Structure formats: structure tokens, C-alpha cells
Amino acid sequence: MLRLRAFRPSNDKIVKIQLHPTHPWLVTADASDRVSVWNWEHRQVIYELKAGGVDERRLVGAKLEKLAEGESEPRGKSTEAMRGGSVQQVNFYDDDVRFWQLWRNRSAAAEAPSAVSNVTSAFASPAPSTKGRHFLVICCVNKAIFLDLVTMRGRDVPKQELDNKSLICMEFLCRSTAGDGPPLVAFGGSDGVIRVLSMISWKLVRRYTGGHKGSISCLMTFMASSGEALLVSGGSDGLLVLWSADHGQDSRELVPKLSLKAHDGGVVAVELSRVIGGAPQLITIGADKTLAIWDTISFKELRRIKPVPKLACHSVASWCHPRAPNLDILTCVKDSHIWAIEHPTYSALTRPLCELSSLIPPQVLAPNKKLRVYCMVAHPLQPHLVATGTNIGVIVSEFDARSIPAVAPIPTPTGNREHSAIYVVERELKLLNFQLSNTANPSLGSNGSLSETGKYRGDSAEPLHVKQMKKHISTPVPHDSYSVLSVSSSGKYLAIVWPDIPYFTIYKVSDWSVVDSGSARLLAWDTCCDRFAILDSALPPRMPIIPKGGSSRKAKEAAAAAAQAAAVAASAASAASVQVRILLDDGTSNILMRSIGDRSEPVIGLHGGALLGVAYRTSRRISPVAATAISTIQSMPLSGFGSGGLSSFTTLDDGFNSHKSPAEAAPQNFQLYSWETFQPVGGLLPHPEWTAWDQTVEYCAFAYQHYIVISSLRPQYRYLGDVAIPYATGAVWHRRQLFVATPTTIECVFVDAGVAAIDIETRKRKEEMKMKEAQARAVAEHGDLALIAVDGLQSATQERIPLRPPMLQVVRLASFQHAPSVPPFLTLPKQTKVDGDDSAMPIEEKKVNEIAVGGGGVSVAVTRFPTEQKRPVGPLVVVGVRDGVLWLIDRYMCAHALSLSHPGIRCRCLAAYGDAVSAVKWASRLGREHHDDLAQFMMGMGYATEALHLPGISKRLEFDLAMQSNDLKRALQCLLTMSNSRDIGQDGIGLDLNDILNITAKKENIVEAVQGIVKFAREFLDLIDAADATAQVDIAREALKRLAAAGSVKGALQGHELRRLALCLANHGELTRLNGLVSNLISAGLGREAAFSAAVLGDNALMEKSWQDTGMLAEAVLHAHAHGRPTLKNLVQAWNKMLQKEIDHAPSKKIDAASAFLASLEEPKLTSLTEAGKKPPIEILPPGMPSLSALITTQKKPTPGIQSSQQKPLQLEGPPTATPEAVTVSAATTATSEAPENASAATTTTSAATENAPPSTTPEAGSSPLPSEASKPTVDDKAPTSSPGSNSDQIAPVEGIPETIASDSALPPQIPDNQGASVPASTTLPMSDVLG
């Protein structure tokens, strides 16, 4: 799918452009000689400068640097102050650029059948030359600027140092041998001489003379099939000159090897083209508006074409995209298109690849302004990215990043070390055989020996030696357009689908006979058998070709015919149905189901696997810009001979591609169906870009744009998690390993479902079903006698299955970037010199290359994971793991092998494969400091028992592993070691003389041991629970002794830990230790924990003592009342005294004079001074308990004078049960007494309410109330109530609950209060009202 990847507007036209191979950097130069470095992935400008003139920022920076270094003012003019002139070329240079330049040259030369062995073999990476720097190199007419993007320091080389000749172009030289020579850059001069500059000494080291009579316009290095490094130059005189670039020693003057006439009017650009199965070719474009292709062996002209009539090309790029297999060259002229040239095997026509004006936002382009392309470059490592410089800015286009090469691997027979894959090239089926080379290969790493250089063989980042051979198959294929290959689960059948035709064919692999064919553009295989589904559709009419340069009438007719054909194709697609067929053993194909699903939406995707996935098109609105882009793409006949119904860069799911914003919700348009019943399974899901199912039908992966969702299928579907691997193009399962390919990396995801509760339940059900089946079989054979069983002695041990969460771990195996190195400005490592050698090597780098040698001479890798290997270029097909390596096939149909021999990777692969014993053996080759990490991985994979054999694991991890593997004895030993508590908790009779003499030392040891036990208290408790679950009493008691010893120390354990400890002591019958624990808790002031422990012990007296001695009298009163304790009266008195003391010492509130005066007006006046001194004490009682003050007053004989005014204390009780609004509180009080913690909280609330109650006054008791009111109970749940003799601080009843107030005297007038009602202190309240 064609889409806009990035766009950066510009006020001036972009005339020079270049992409960095590994970083998302793009450097441009506009017509005003402004140079910009732009991060196209994050849309950020990294650096800008005016290279044509004098950049003031660089000039000031250079002066400051010289002043900082102590240099005086320079005598002459600095190089930064010189005007650069017109920018001729821009480029990046660092270790990545150097490596991939050498890789491109060598891989192109290795395609030739006559290539020598040193070219076809894997080459060693060149030594790092830039040491972590990233240079931006700008070639101007008057000077060359070398700017380090890391340190932002620059080096300007004026043309005076290059014979005072203007600089026109540049190229970085690389030799065929991977030597440690200095980086060299060649500049093409205006006098026809090539001058080579060293980037170490910054001096002129070489000249190439005698080749050109005019100026040199372009330079490029490449490698011949003979292995010789060559430099080719094109000049304004139209000559193409070859030079030898393979010179180790500096030679002052070099003459050309070959010179030939290429173009009239001058050579504009030169490019290297890699040819599958042939020698590399050179592509040149000239001022004569022609494009010429040259053979690099005979240097003869192969063909010459005019890409666009009447327009001259200015940029050319070699291209090999799997979505357009017939196109191999991209070029640009000054219009709005990117043009593509077909392979000469076909029609060799030039076709517009895309219309750029349809990709950019419409508001960017002015109504009367036309878009013009001035430069173009294809990404060297990601061919789906093409950057163009236009008159409105930089456009980065993306062409179907998800397409993969048309190749399918065939299953390898057991024991065979030669593997095969089938691919399609030029209407021909071909067989690719590949295997590891027989030479000494470090990939397997079986011996773990040392290499001659002292490096560990398995840790080598160099590519593996692969032996491959391509064979022809006599069976032709009917079409040459874009194809998709797939193999059935058994490997017996090969399916090829041509989506653009649409057509499919299924071949039998044994004799390559056609067993089925028809019209379809989508096909999906079943994972379990040779069954497949196709999207059956009628053949659409051919799309007519729009003629170039024809009359307007013909063009309109062709456009109308194209629109009609597109409408017919759309209607045919909407009428398509999903059909399921099966291939029988005799090679015949039978239709199982003619149409799956009853949905009316058109099908846009099929995904095979254990279930059949069908994606439907959902209704959506398309913007006019998107509609224009889609119509433009669909009108481009890119397939061979223009016979395709649809473009190579469009699919029917164009509305759901990666150009959607993340904010848009993914439509639910993907349905899974059963292959057996053809019925839907589950609900609708978002449409994945691809799916991958495990061969054992245990795991599946659904890939989306920014992540991959991984799920478990057994015993039932369960979501495990997702991994953030964006833009993944394909993946292959290998047991519990998912190998994923992205456009820039190769990742490995280790997956394990863990153990969930549903797994344990399913396991129990299966065991029960097996027992029932066995019992049924026995009854069927022997009758009812089979049911008679004799119970023998059975062991009490039980199996404990611990739960384990799912595990997903991602390891990056390969990427494009060079191994990261530390820039010198960050750290300057000490240099060490070897005797007799001037070469210095950083200590850090030497340490990385070192290996540790273990016992028996076994080498040990010092790194956790290997350094990232180099990813093959372009889109890849992941074959899978065979012979211990990961196989990949690229777009040039070449097989590549990634090593998995590093111990950190090999151990994980073996554990994921199920061979945990071998994984532990391989761990001996891994440094012990990495054993913890490996043990964590193995525990996540379910191999905790095997991980215990790793010698380098820590005690903390050893405890976790022992607990996971139910080795509780070892877990106890680890805990005793970690907590240093082996001598704690032992039952000693007494102390002997030595113990008495060393009592101080023993005290220190005890303190240290208690601290250790407290640190691992949770682990001790978990160990006790596990031992109880498996009936290992001795282990539980050993742990319990030490934990009880720590619990006897004040403040050592937390509250929840103490409660668990009390339960454990009671469970094990340790009553003596439990009684001692209660006493220690009481002395420590932990009333709740002490009462809980006493409750577990079953001692009510001890429980009451726990509350009382720790000051929690409310809980003690509730407990005594609930259990009818004789100490209830004393507890209530003590509690009321404590509350009275809190009230008496309550702080007085400060109020201003106005508030005090207003309050005094509301207060009733006292009738006598004798009443003012009376303040009855506060009295709160449990329900049903008589008043304490009433007992006292009944003993005294009242005087006749004041008998009429004598008041009986109010008794607040719950209303009678007959009343509908009545609320019974005694039961609640009893329940509260059973839960001491709740009582404590209620007491806190009571005291807080007592302190914060507002002051209020009432009339004295001597006032004359109405007799009728005295005998009438008052129920009021809204207005506050007050009674005679109230105290200044009182308790408010709960609002909303009716209360019955019984009194001998009349109820006084009620005084409203904003903060709540007040009750006199002499009032008796039920406990439920107080604590409620």
C-alpha cells in the first residue's frame, strides 16, 4: 500500500538529498545552500546550517573552542570564515555507512556465477574507524565541511589544500579487504582530477589523473566479481572511467583502468544495480535524456532507453521490491511522479510508480502551483522507503512495507541437513537448497572452545558461512505478477496466489503437478491438515493502459474504460465468497463448504491456522484526498504487460492500513471460524495484519501495527499479553519461541502460558474423567466385583501446584546498526601499549573481547546476550530454526543464518524447546553473574527444579525456586542462611558456663538474627503455609520456632504478621508459645493482636486482659458484656472515668466578645447557686445494664423538700419491636462485641464526638414542667434534644434513628444547635447508639 510516511515543508526547492542507512536521518540541501539534518521518524530537525555562505554560529563556536584550548587569535582567516559556495553533495559517514557500503558492493559481486570465493564468503566487519562519531559531510565548491553530529565539532577542508580546485562531487573509498586503514574520501575536481583525502591526517594522500578532460560530476565505488574494489567516475565530457580503489599503500598518481563513452553532453549520475544470479550492473543517466545499463564484467552497454520523452532524468536508484517484481529501476524527472522502469525480460517500459501530489496534504500545495521533483533517493536497507526532494519540501513515501518475497520453505526430512525453499522468478518455479558450510563454523558452538584470536566462538557477531544452490524446476507458472507462496501443513502441497490477476494454483511438491487451480486472490491453509480456504471471485476485466503522449480524446476514452473496469472489479469483489476445499491423499481436491458465514460485507482478508480468520470490510467515510490517492494508485498497471486488474501497490483493505492515526479505534471486523463446523468462534476482533499459529496448536500470535498479541489456546483460549514490536512483517513459531521479522530488526519472543487456576481445575477434571473411564472399563470387564477395593496405607503428602503468571521475554537477535561504541568525548579510556607495538587499545574494548576460562578449559561468555548480528537487507521470509540456527531468505532469494549459539540465547532456546537439562548444562558456558537472570527465565518457563542446579544463583532466588519446585527443605535452609537464624528458637534447657561468659556476644547474635527474621517474615509465613499444605510438619515447626522468637520482641513484626503467626501457632498446637506471645504483645501495647491471639487460644480472661491492659476499655466492656463476665461493672466504671477525664481536660474554645454575648442571651438563667455546682459524671452503659448512679441514689434517703424535683437518670433504650420504625440495637451490640477491632474504631469515634461536642445549656431541673409531658414518650428524629443538668460536652445521637426517652420529669424546651444535638452527661446511652 502506498502511503505518506513523512513530510517536511520547505520554502525553497530541495536539490540534494541523502538517507542514513540505520538511523532515521535525512540530510537535504536546498537551492539557497541551506543544509538540514532531519529525523523523519520523529519529525525533528537535528541540525541546520548555511553551508554556502558563512555560518555565524559555527564561526563563534570555533573561536570559543580555540580560546578554551588556550590558542591565541589566529593570524590568517579561519576556514569557518570562508564562504563555502554552492553545495554540490551531502552525505553521512560513520561505521554504519562504511559497513553497509562494503556489504552492498560485496553482495552485488557475489551474485555472479564467476565470483571468486573470497567475495561469496561472509566478510568480516571492518574495524571501527569513526569511534562512535557520526559525520555529516558537505561538499561545497570552495571547501568540504566535516561536521560531527555527536560533539557538534566541525572540520573544514578548503580547496587550497586540494590543489585549489573546485569540488564537484565526493565518494568514500573502501577496500576489498577488511583492513584497518584510515577512512578515505575522494573528491572529484573541476579539472578532471580525483583527489583522495585522509580523514585521520586531513592531508591529500592520492590523486587519480588522466581520465577526464572536463569536470567530474559523479563518483561511485563498487566491487567486481573478481573481488577487486573499483572506483567509477562520470564527467561532463560524457566519459565513464574506471579506477582501481584497492591500494593499501598510498600512491601519489594513479591512471585509469578503463575509459568509455557513455553519454553525449555529460554523465549526470551513476548507480550500482544488483542482479539476481548475475554480475552487478552500472546504471548511468546523462544530459542526453537517456539511461544506459552496463555490464561490469565486459563493460559493454546492455540497453539504453529514454525513460520520459522530452525530459531529462536527474536521479536514478536501483530497486527490488517484492510487491513489484518486474520493476528494477526508479528514476525522476522534473514532474510530480516517481517513474519505474520494467525489467528487460518484460516490456522495458517506463511507468509512473506514484503521483506525489496525491500524497501530500492539499493545503500545502497552492492552487496554481505544480509539484516538481528535483532529487530522489531510495533507502539502502529498506527498499519500501523512497525520499524525494521537491519544490515544496521533502516527501518520504512508503510502498507496502508488509509485503514479503515470493518464497516458501519446504519442511526438511528428519536427519537431513540440506534445506529447501521454492520461489518464483520470471514465470518459473525454482528450488533453493541451502545448508551450513562444512568449514569450521562458529555457529553451532558445540565445543565452546577458544578461537585463535582469543574470542569465544559462540559469541562471534560475524555472519555464518552458508552454502546454497539454485535449481530450475521444469514446471512453468502461468503469471509473472506479484505472487504469494504458501505450503500446506504436511509440506506436500505448494499454493501460489496472484492477487492482481486474480488466480491461484496448487502444486504437488513430489512431482510438481497441478492439483487445483482457479480464480481467487486470497488463500489460507489449515494448520492441522491439508485443507485450505480461498476467496472465490469472478475474473474482472483487464485494466486498459493509458497511452503516453496520445490525444486527449483517446486519453479520456481510456480513463472512462479504466473507471468502468474498476467498478466491475469492485462489484466482483463484493460478490466474492469464502470457499473451503480439502486435498485428499490421492491428490484430488474436493469442496467442503461453498460459502462460510452469512455476513453481507465484502471479504478483505483470509488468515489460516487452527481457526480460519475472515476479515470483512466495514463501512467508512473516505476523504476526497484519500479517494484521489486510491484512484490514482488503482489506475497504475504495474504488473507484467499491464494485465493486472489492480495495482501492485493497492489492496482491498486500503482503509485499514498503517496510515490510520492511533487515536482511531480499530474496527471490529475480524471473525474466526471453525474448520470443522464452519461456525463462528467467539466474537468480532480487530483485523490483524497477519496471524501465526503454533504447530502444536498451543499458542497463537495476532500482529497489529504497533504490537503483537500473544494468546494461549490450551486448555482454553487465554490472553497472555502483548509485546511492543511495531511494524512486524512476519513470524514463525518454534515451540515456545516466536521469531519475528520487522523492517529493521529480528526479534525472538520467548512465551510461556504459566499456570492459572483454570489449568489446575482442568487438570483435576481430566484426572476424574480418566478415573471414571477406567472404572467403567473395569465394570464392563469384571462386573460389580471391580468396584470392591481394599484401602491400604496411604501417605499423607499432598501435591501443591503453585500458580505461575504468564511470561513474555523479547530478545533482539539482529538489527542494522553497528555495535554501539562510546564516543571519545564522553569517556577517554586509558590506553595500553603492547611491547614493540605502537597500536593502542582501550581497556574497555579489550575487556569486552575477553573471555573467562572456567574449569577444564571451557570458555565462558561474559555477556548476558550476544551482540546484535547484522540483519539481512530488505524484506525477509522467516524460515525457522534448523540445525541450531535461524534461517532467513531475502528478496534476492539468498538464505541467511543467524547464530543462536551464545549461551545466553542457547540456554533459553533449549528451555523453551523443553530440554531444561541441556539448558542447565549449557549454562556452564555462561558467566555466573548471569545465572540469576537465566534462573528467573527458567522459573518463568516452568523449570524451577532444574534451575536449582545452576551454580551461580543467589540465595534469595534459590528460595523462590525451591518454593516453586516444592523443595521446602532447601527453601528452609536458604531462609536460615539469609536471616542468620540457625541458632534461634532452639529449645534449650539452660545456659552452661561458656554461654554465661559469652552472653554479650550471644545477645548481639540474637539481635542480628531477629532482624533477619523480621526482614524475611513474609517468606517464613509462606514457607509455613506451603509446609502445612503438603503435610511437612517438621519444616513448618522449624520455621515457626524462629518466627515466634522474633514475635516475642516488641515492635519486631507487623500486625498482620502477628495475626498470621498466632494462627500458625494454634494450628500446630504450640499453646505455650502462643500464651507467651500474648504476654509479649500485651507488654508491647498491641492490644488488638494480643486479643486476637487470646481468641485463637480460646481464653476469654486473657482476651479481656489484653483489652484492659492496653487501655482499650471499650472493647473490654463489649467483650465482658457479650460473654457475661463478672468484671463488667468494674470495666464500665473504669471506662466512664477515662471518658470523664478526657472531657474534663478538653481544651476550651476561644470565641470573640460578640459571639459570647449572643450566646449568653440564649442561655437559660440559673434559679439558685446550688444548682450551678452540680455536674453529674458521664455514664455510658451497655444495653440492659442498670445505671451505676441509680444504685447509689437508691441507697440514700431523699429529703421531702426536693423529692418532687428529684430526677431519675434518663435511660436511652431501643424502641419496642412493635413499632415499625424501631431498630433493635442489642443484637448489633452483641455482634460488635464479637469483633474487637470494630469496637476499637467505635470507641475512637465516641471519644472524638465527646471532645468536639458543642456547649449548650438547659433550664434547671426546678422549673415546672407539664405533667402530661412527663409521662409521654417523645420520638423525634429531626430536632436536637436537651435535658436538665446537661454538661458542656455531650454525645450526639445518630441522626435518622428513632429513640424513646423515658423520664419522670417533663422534657425541657429544645434549643436548636447547628452542630448537632447534645445529651446530658448523666444520661445512660445504649452502646449501639454510642458506637453506631
Side-chain angles (χ1 to χ4, degrees), residues 486-493 495 497 504 506 515-516 518-537 573-618 653 667-688 690-703 709-720 733 753 758-759 761-762 765-766 769-770 773:
S486 57
V487 178
S488 64
S489 59
S490 64
K492 297 179 181 179
Y493 301 98
V497 181
F504 82 97
I506 295 181
V515 297
D516 198 0
S519 171
R521 58 183 181 84
L522 296 174
L523 186 144
W525 287 99
D526 184 3
T527 303
C528 303
C529 67
D530 294 333
R531 181 168 42 191
F532 64 94
I534 59 173
L535 181 61
D536 190 14
S537 60
S574 62
S577 60
V578 179
Q579 188 180 113
V580 178
R581 303 184 184 184
I582 188 170
L583 297 173
L584 303 179
D585 294 336
D586 56 358
T588 59
S589 175
N590 293 319
I591 299 177
L592 293 178
M593 190 69 180
R594 293 193 176 274
S595 180
I596 288 184
D598 54 356
R599 300 178 66 91
S600 60
E601 296 92 342
V603 178
I604 60 174
L606 282 184
H607 299 275
L611 298 173
L612 173 62
V614 181
Y616 298 94
R617 182 195 297 273
T618 56
D653 59 340
Q668 309 284 328
N669 62 334
F670 183 70
Q671 179 66 59
L672 293 172
Y673 292 92
S674 169
W675 287 99
E676 305 293 338
T677 62
F678 311 112
Q679 295 300 317
V681 178
L684 288 175
L685 301 172
H687 182 202
W690 50 262
T691 61
W693 299 75
D694 188 12
Q695 287 290 335
T696 58
V697 198
E698 293 183 5
Y699 300 97
C700 66
F702 288 1
V709 175
I710 297 178
S711 306
S712 172
L713 303 175
R714 293 181 178 176
Q716 66 178 16
Y717 178 84
R718 182 156 55 95
Y719 166 79
L720 300 182
W733 282 98
I758 184 66
D759 299 329
E761 183 180 351
T762 305
R765 288 181 181 178
K766 287 183 178 180
M769 291 175 62
K770 287 182 180 179
E773 290 176 359

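Along the sequence shown, residues carry numbers from 1. Bear in mind that the values here come from a model prediction, so they are computed numbers and not experimental data.
- For W690, there are no ring-ring contact (aromatic ring centres under 6.0 Å, His included) partners, not counting sequence neighbours.
- Every salt bridge (charged side-chain N to carboxylate O under 4.0 Å, His left out) that R599 has, sequence neighbours left out, goes to E601.
- Taking each heavy atom of F702 and P688 in turn, the nearest pair found is CB-CB, 4.1 Å.
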Can L720 and Y699 be said to form a side chain to side chain contact (heavy atoms under 4.5 Å, CB included), step by step? CA-CA 10 Å; L720 300 182; Y699 300 97; 3.8 Å; yes

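- Contact check for T691 versus C700: no side-chain heavy atoms found under the 4.5 Å cut-off.
- Checked by atom type and distance alone, the side chain of R714 pairs as donor or acceptor with a backbone atom of V697 at under 3.5 Å.
- The list of ring-ring contact (aromatic ring centres under 6.0 Å, His included) pairs with a residue in residues 578-615, not counting sequence neighbours, reads H607-F670, H607-H687.
- A 4.5 Å side-chain heavy-atom check between Y493 and D516 finds every atom pair outside the cut-off.
- Nearest heavy atoms, T527 versus S489: O-CB, 3.1 Å.
- Listed by chain and residue number, L606, L612 satisfy the side-chain contact (heavy atoms from CB on, under 4.5 Å) test with A524 (two or more places apart in sequence, or in another chain).
- Taking CE from M593 and OG1 from T677, the interatomic distance works out to 9.5 Å, rounded to the nearest 0.5 Å.
- Q579 meets the side chain to side chain donor-acceptor pair (under 3.5 Å) test with R581; sequence neighbours excluded.
- Checking side-chain atoms of S577 against main-chain N and O of S595 turns up no donor-acceptor pair under 3.5 Å.
- For R718, the side chain to side chain donor-acceptor pair (under 3.5 Å) partners two or more places apart in sequence, or in a different chain, are D759.
- Side-chain contact check for V603 versus Y616: some heavy-atom pair is nearer than 4.5 Å.
- With sequence neighbours left out, the side chain to side chain donor-acceptor pair (under 3.5 Å) criterion links S712 to no other residue.
- To the nearest 0.5 Å, atom CG of residue L522 and atom CG of residue D536 are 11.5 Å apart.
- Side-chain N or O atoms of N669 include none that pairs as donor or acceptor with a backbone N or O of R617 at under 3.5 Å.
- Listed by chain and number, the residues in a ring-ring contact (aromatic ring centres under 6.0 Å, His included) with F504 amount to none (sequence neighbours excluded).
- For E761, the side-chain contact (heavy atoms from CB on, under 4.5 Å) partners at least two apart in sequence or on another chain are I758, R765.
- Taking CG of L523 as the start and CD1 of I506 as the end, the distance is 5.5 Å to the nearest 0.5 Å.
- Residues A520 and V497 share a closest heavy-atom pair of O-CG1, 3.8 Å.
- Scored by the side-chain contact (heavy atoms from CB on, under 4.5 Å) test, D585 finds no partners at all (sequence neighbours excluded).
- Across every non-hydrogen atom of S711 and Y719, the tightest pair is OG-CA, 4.1 Å.
- Heavy-atom minimum distance, G609 versus W693: CA-CD1, 3.3 Å.
- For W525, the side chain to side chain donor-acceptor pair (under 3.5 Å) test picks out S486, with sequence neighbours left out.
- Residues S589 and F532 meet the side-chain proximity criterion, which asks for heavy atoms closer than 4.5 Å.
- Once rounded to the nearest 0.5 Å, the distance linking OG1 of T618 with CD1 of I604 reads 7.0 Å.
- The CD atom of E676 lies 7.0 Å from the SG atom of C529; values are rounded to the nearest 0.5 Å.
- Shown are N590, V515, T588; of these, the side chain to side chain contact (heavy atoms under 4.5 Å, CB included) with L583 is made only by V515.
- For L592, the side-chain contact (heavy atoms from CB on, under 4.5 Å) test picks out R531, V580, I582, F678, with sequence neighbours left out.
- Judged by distance alone, the side chain of Q671 and the main-chain N or O of G682 form a donor-acceptor pair under 3.5 Å.
- The nearest pair of heavy atoms linking A533 to V578 is CB-CG1, 4.2 Å.
- The structure places CG of L672 at 13.5 Å from CD of Q679, a figure rounded to the nearest 0.5 Å.
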